[in-house]
Protein chains: 2
Amino acid sequence: MCGGVTRGAPYRHFPDKDSLLAAVATEALDRIAEQARAVRAEPRASPADKLHRALAVLMTVGRRQPHLYRLIYATPAGDPAAIHAASEAAEHAQDEFFAIVGDLVGAQHARRFAALLLTSAHGITDMEVNGHLSADKWRLTAEDLVSTLVSMIERQASGE
Amino acid sequence: MCGGVTRGAPYRHFPDKDSLLAAVATEALDRIAEQARAVRAEPRASPADKLHRALAVLMTVGRRQPHLYRLIYATPAGDPAAIHAASEAAEHAQDEFFAIVGDLVGAQHARRFAALLLTSAHGITDMEVNGHLSADKWRLTAEDLVSTLVSMIERQASGE
DNA sequence: GACCTTCAGATGACATTGTCATCTTAGCGA
DNA sequence: TCGCTAAGATGACAATGTCATCTGAAGGTC
C-alpha cells in the first residue's frame with residue numbers, strides 16, 4: 001500500500017518528507033488564495049457576504065480535509081526552499097483575505113481586523129475539527145461564532 | 001536516551017502512546033483550570049483584567065511549551081478512558097474561562113463570547129507559535145489581537 | 001528467615017517507517 | 001545501435017511503537 005509506488009520513490013523529487021508535505025501545503029494554500037480571489041471578484045455580493053464566503057472556504061478545508069488543514073497551519077518544516085515557498089503561499093492567501101476585509105471595514109481598520117479574523121477563524125475551525133467545541137456545552141456552531149465576530153467588527157468599524 | 005528508563009517501560013502504565021499523551025494533556029489542562037480559577041479568585045483585579053490574565057495563561061503555555069500546547073488542542077486519542085479524562089479536563093478548564101467571561105459581560109452574553117474568546121485566543125496563539133502571524137506583515141502581537149477582541153466584546157456587551 | 005506473590009522495569013523481538021545507496025530500465029538523443 | 005538520464009525498485013539501516021518474556025526488588029505469610 002504505497003499508492004502505486006515504493007516508499008523511497010518520492011525521495012527522487014523531495015529531499016525529505018517534510019519538504020514534500022510543505023509542497024502539498026503550498027499547493028493547498030495556492031488553491032485557497034485562488035478561491036478567495038474568486039470570491040472577492042464576485043460582482044453581486046456584498047463585502048460582508050464575500051468575507052463570510054472567504055472564511056467558509058477555510059472552514060470547509062478544515063472539515064473536509066482535516067489532515068490537509070492541519071498541514072497548512074502546522075509549523076512549516078523541510079528544506080529552506082520548501083519552507084519559503086509555503087510561507088510565500090500563506091502570505092498570498094492572507095493578502096486575499098486582507099483585501100476582502102479591507103473592502104468591508106476600510107483601510108484604516110483592515111490590518112487589525114483581518115489579522116483578528118484570520119486567527120479567530122482558524123481557532124474556531126481548529127477547535128471544531130478537533131472536537132474541542134462541544135456542541136452540547138456551547139450550543140454554538142463555528143458559523144455562529146464567525147458571524148458574531150464579523151458583525152462585531154462591522155459595527156466597530158462603521159460606528160467609530 | 002530514554003529518560004532513564006527503557007522504551008517499553010511506559011507500557012506498564014498506559015495501553016499505548018496516545019493514552020500516555022492524553023494523560024499528559026489532561027494534567028496540563030488541570031493545571032490550566034487551576035490557574036484560571038486562581039485568577040478569577042483574585043480580589044483586587046477588574047473582570048477585564050482577570051480575563052486578560054486568564055487568556056495570558058493559555059498563551060504562555062503556547063509560547064513556553066509549544067509541544068504541550070499542541071497536545072492539548074490536538075484531537076484526543078488513545079483508549080476511551082484516557083480520551084474521556086482529557087475531555088473532562090478540557091471542559092473544566094473551559095468552565096473557568098466561561099465564568100470569568102460571565103463576570104465581565106453578564107450571563108446572557110457569556111456563552112457566545114466565552115466561546116468566541118476561547119477559540120480566538122487559541123487561533124491567535126496557534127498561529128503565532130507556528131510562525132503564521134508574521135510580525136513583519138501584520139505588525140500586531142498576539143496581545144494586540146486579544147486586546148482588540150476583548151475591548152470589542154466589552155463594548156458590545158455593555159452597549160446593548 | 002525461607003517462601004511466595006506481585007509489580008515495575010529490562011531485554012529482545014517484530015513491524016512500521018523515514019532515509020539512502022545501489023541497481024534497473026524505459027525513453028530518448030547521437 | 002549505443003549510451004545517457006531520470007525515475008522507480010530493491011534492499012539495507014536506524015528509529016520507534018508495541019509486546020511477550022524474563023528479572024529483581026518489596027512486601028506479606030508461614
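Below, chain A is the first sequence line, B the second, and so on; all start at residue 1.
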[X] [atom1] - [N] [atom2] separation (whole Å):
X: A:R12; N: C:dG18; atom1: CZ; atom2: C1'; answer: 16 Å
X: A:Y11; N: C:dA21; atom1: OH; atom2: P; answer: 13 Å
X: A:L20; N: C:dT17; atom1: CG; atom2: P; answer: 15 Å
X: A:R7; N: D:dG8; atom1: CZ; atom2: C1'; answer: 14 Å
X: A:D79; N: C:dG18; atom1: CG; atom2: P; answer: 17 Å

Over all heavy atoms of both residues, which pair between [X] and [Y] is shortest? Give the atoms and the distance, please.
X: B:I153; Y: B:L116; result: CD1-CD2, 4.4 Å
X: B:A157; Y: B:F113; result: CB-CE1, 4.2 Å
X: A:T125; Y: A:L58; result: CG2-O, 4.4 Å

- Side chain B:T6, main chain B:G8, donor-acceptor under 3.5 Å: no

- Task: Could you say whether A:P10 or B:D16 is positioned toward the 5' end of DNA chain D, judged by the nucleotide with the nearest heavy atom to each?
- Result: A:P10

- Message: Can you tell me which nucleotide in C:dA10, D:dG17, C:dG18 comes closest to the side chain of B:A9?
- Response: C:dA10

- Message: Can you identify which nucleotide, out of D:dG8, D:dA9, D:dG17, has its nearest atom closest to the A:H13 side chain?
- Response: D:dG8

